[in-house]
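Sharing a structure with you now.
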Amino acid sequence: MLELEFIFAYIALGSIVGVLAGLLGIGGGLLMVPALTSLFIWQGYPLEQVVHLALGTSMASIVLTSVSSMRAHNRRGGVIWPVVKNISPGIVLGAFLATFLAASLSGVFLAVFFACFLVFVSIQMFLNKKPKPSRSIPGFWGLFSAGTGIGGFSALVSIGGGTLTVPYLSWHNVDVKQAIGTSAAIGLPISLAGTVGYLINGWSVDINGWLIFGFVNLPAVVLISAMSFTTAPLGAKLAHSLPVPVLKKGFAVLLLVLAARMLMSVM
């Protein structure tokens with residue numbers, strides 16, 4: 001059974017992830033992976049598997065959040081469904097195959113890779129640079145190729161893809177609100193393919209925990225998903241009354257701290 005302190009920890013993490021997702025429009029994996037890595041070490045799971053378990057659990061936790069976000073944006077006409085249709089096959093292929101790569105890499109390498117990604121995102125948040133629109137949306141094979149890369153990288157760092165998809169669509173002259181909405185819809189195939197991949201790749205690994213399937217910790221997924229689904233609307237509401245640009249810079253600093261903490265935990 002799951003101890004009470006871990007239940008509260010997962011509930012707290014899910015609540016924070018939901019608020020930040022609604023407030024800043026960021027993927028929960030940026031916060032969940034380093035936090036879950038520390039929690040899994042605290043729970044005594046094998047050190048060489050904690051990062052893999054954090055990636056798989058985070059990816060599974062994004063499924064419900066992506067469904068909620070996709071529905072909300074679709075109601076406002078913010079999803080370009082032809083783009084979702086053409087990019088999704090590449091997304092699924094890239095995300096699924098990337099889990100096999102992640103499973104073959106050491107936990108320390110994955111931690112360093114993820115920490116470097118957090119540093120990159122932090123710098124982007126500080127600079128707030130956006131790509132200049134310069135071209136139209138490509139056809140099927142162009143979107144398929146882009147989707148393969150976006151899905152693969154997203155599964156490696158366990159994010160819904162918005163960090164990559166929104167700039168990519170904005171670069172192709174898509175309105176930012178539609179880019180965000182379309183990215184939210186694309187997050188569903190990313191999270192589903194990534195979750196299946198991490199389930200398969202971790203199935204033969206003996207982590208010896210309660211209700212752990214492959215590299216997915218089911219109790220953590222249920223508690224985090226339920227709370228993030230509940231608190232995301234609060235974050236969206238706060239976005240209209242709080243200084244979001246200032247908060248983004250503060251969150252960027254937090255990401256740097258989490259990156260350092262994650263590295264210290266696994267090394």
Between Y45 and N208 the two heavy atoms that sit nearest each other are CE2-O, 4.5 Å
Checking N201 side chain against G197 main chain: does a donor-acceptor pair fall under 3.5 Å?
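Present.
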L30 reachable from F229 in the ILVMFWY side-chain graph, under 4.5 Å edges
no
Between H52 (side chain) and G202 (backbone), is there a donor-acceptor pair under 3.5 Å?
no
Residues S228 and V17: closest non-hydrogen pair is CB-CG1, 4.3 Å
Side chain to side chain donor-acceptor pair (under 3.5 Å) against S183, all qualifying residues, sequence neighbours excluded
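Applying side chain to side chain donor-acceptor pair (under 3.5 Å) to S183 gives none.
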Hydrophobic cluster identity match, F109 and V50, side-chain contacts under 4.5 Å
yes
Hey, is CZ on F120 packed in by over 12 heavy atoms from elsewhere, all under 6.0 Å?
no
Should the heavy atoms of other residues, nucleotides or ligands under 6.0 Å from CZ of F140 be counted, would the total exceed 12?
yes
Can a donor-acceptor pair be found, under 3.5 Å and without considering hydrogens, that links the side chain of Y198 to the backbone of A60?
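No, because the side chain of Y198 does not come within donor-acceptor range (under 3.5 Å) of the backbone of A60.
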For K85, is there any backbone N or O sitting under 3.5 Å from a side-chain donor or acceptor partner on S88?
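No; judged by distance alone, with no hydrogens or angles, the pair does not exist.
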Which pair of heavy atoms, one from S15 and one from T231, lies closest together, and at what distance?
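Of all heavy-atom pairs spanning S15 and T231, the closest is O-OG1, 3.0 Å.
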Work out which heavy atom in V221 is nearest to a heavy atom in S225; give both atom names and the distance.
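So the minimum-distance heavy-atom pair works out to O-OG, 2.7 Å.
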How long is the gap from CD1 on I123 to CG on L118, to the nearest 0.5 Å?
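Going from the CD1 atom of I123 to the CG atom of L118 covers 11.0 Å.
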So, T57 side chain and N217 main chain: donor-acceptor pair closer than 3.5 Å or not?
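Yes.
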Please check if the side chain of S66 supplies one atom and the backbone of V63 the other of a donor-acceptor pair under 3.5 Å.
yes
Shortest non-hydrogen contact from A54 to V33?
CB-O, 3.7 Å
Give the minimum heavy-atom separation between I190 and I159, together with the two atoms involved.
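Heavy-atom minimum between the residues: CG2-O, 3.6 Å.
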Donor-acceptor under 3.5 Å (S158 side chain, M59 main chain)
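It does hold such a pair.
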Check whether any side-chain heavy atom of V166 lies under 4.5 Å from a side-chain heavy atom of V174, and answer yes or no.
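With C-beta onward as the side chain, the pair stays apart.
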